[in-house]
Amino acid sequence: MAINQTILKEFILIGFSAYPHVQTFLFVFFSCLYMLTLIGNLAIMGLTWVDRSLHTPMYLFLSALSFSETCYTLTIIPKMLVDLLDKARRISVTGCGLQMCFFLGLGGTNCIILTLMGYDRFLAICNPLRYPLLMTNVVCGQLVAGAWAGGFLISLIETALIFRVSFCIPNLIRHFFCHMRAVVRLSCLDSDFTEFIVTLMSVLGLLGTFLLILLTYVFILSSVLKIPSAEGKQKAFSTCASHLTVVIIHFGFASIVYLKPEASGGDDTLIAVPYTVITPFLSPIIFSLRNRDMKTAFRKIMKKTVVLEK
């Protein structure tokens, strides 16, 4: 046991090696999704930065979410793409710890920012007169900073709990990244308690933020129903539609990963794909295509570009 603890300096990510005949297809497919995800998030951040009409809390939160999701995908997808072409699929123990820390931290940050976006819509619809005083750009920046701090505080605690002990051979992680459940099972000591604690922390964080969003929408719905005109109701709902759609997709896929019982079976590698690849791809598309201000800002930038070229 002591020899195993001393020798083990790296893990091997099994990933998609169970599907050797489709790895080339998966590489092309995931590469295309990743490029489109980057383009979508960078477009949102760029438009928000360039167009002064988008310098409002709602779009600053959206830009912060796009930045967080860009970092989130950077921690997982490039390594996954390399491993689809590389038979070794090695990652050092230190690299694994860093990947896990950033993955959990950015995932938690995304959840908190989505909650803050719900709170922003709650203030705008339920307290429209006081909204400019309650939600300024400075307050927005402070809340985003708090989201990063909260996400990474939980992440550091979970990562420290998992990596406080040594790991034993076999050093095979049955995943395409350093997922906490897959790594904690390689501990030389009894890992059941540690796995329970880190899973409980993730589930509480996931359910806590989701319930807060749900609570804000209960208040939003009650306020919207009091609006006398149908046009007013539709306008109020339209400002929430994109956010609500992303929330359902984000927390729906995340719950499949973290709330799945151990005895339920299924390939954890395939189950994690929607949460790590599909959700970040869909998020910028939903926010940009369903948002009139974003499309208007894009048209303005394109017109200016055409004029400059002439």
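Values below: every heavy atom of this structure, side chains too, minus hydrogens, waters and symmetry copies.
When each of Phe176, Phe27, Phe177 is checked for a ring-ring contact (aromatic ring centres under 6.0 Å, His included) with Phe16, only Phe176 meets the rule.
The two residues Val183 and Cys96 come nearest to each other via the heavy atoms CG2-SG, 3.9 Å. Here the shortest heavy-atom pairing between Met180 and Leu104 reads SD-CD2, 4.3 Å. Summarising the geometry of Leu206 relative to Ala254, their closest heavy-atom pair is CD1-CB, 3.7 Å, with the distance given to 0.1 Å. In terms of heavy-atom proximity, Pro57 sits nearest to Cys140 at O-SG, 3.9 Å. Residues Pro78 and Thr73 share a closest heavy-atom pair of CD-O, 3.3 Å. When every heavy atom of Phe61 is checked against every heavy atom of Ile113, the shortest pair comes out as O-CG2, 3.8 Å.
The same ILVMFWY cluster, assembled from side-chain heavy atoms under 4.5 Å apart, contains both Ile256 and Leu114.
Within the 4.5 Å cutoff, no side-chain heavy atoms of Asn171 are placed close to those of Lys9. With contacts defined as side-chain heavy-atom distances shorter than 4.5 Å, the pair His250/Ser283 does not qualify. For the pair Ile125/Tyr131, no side-chain contact is recorded, criterion being any heavy-atom separation below 4.5 Å from C-beta on. Within the 4.5 Å cutoff, the side chain of Leu207 has no heavy atoms near those of the Phe251 side chain. Inter-residue side-chain proximity for Cys168 and Leu186 is flagged as unmet; no heavy-atom pair is nearer than 4.5 Å. Two residues are said to be in side-chain contact when any heavy atoms from C-beta on lie closer than 4.5 Å; Leu65 and Phe287 meet this criterion. Counting heavy atoms from C-beta on, the side chains of Leu116 and Asp120 never come closer than 4.5 Å. Here the side chains of Ser53 and Tyr59 are not in contact, with every heavy-atom distance at 4.5 Å or above.
Side-chain heavy-atom separations under 4.5 angstrom define the hydrophobic clusters, and Leu133 shares its cluster with no other residue.
Put simply, the side chain of Thr136 never gets that close to the backbone of Pro132: no donor and acceptor are under 3.5 Å apart. For Ser223 (side chain) and Cys126 (main-chain N/O), no donor-acceptor pair under 3.5 Å exists by modelled atom type. At least one donor-acceptor pair closer than 3.5 Å links the side chain of Arg89 to the backbone N or O of Asp83.
Of the inter-residue distances, the one linking Leu74 atom CG with Phe102 atom CZ reads 11.0 Å to the nearest 0.5 angstrom. Rounding to the nearest 0.5 Å places CD1 of Ile14 at 4.5 Å from CZ of Arg174. Separating the NZ atom in Lys79 from the CG atom in Leu84 is a distance of 11.0 Å, to the nearest 0.5 Å.
Ring centroids of Phe122 and Tyr217 are separated by 6.0 Å or more, keeping the two rings apart. Between His175 and Phe11, the distance separating the two ring centers is not shorter than 6.0 angstrom.
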Residues Cys178, Ile173; criterion side chain to side chain contact (heavy atoms under 4.5 Å, CB included); working and verdict:
CA-CA 7 Å; Cys178 290; Ile173 297 178; 4.0 Å; yes

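Within 6.0 Å of CZ in Phe67 there are 12 or fewer heavy atoms belonging to other residues, nucleotides or ligands.
The aromatic rings of Phe163 and Phe167 sit perpendicular, their planes meeting at an angle over 60°, well past the 30° parallel limit.
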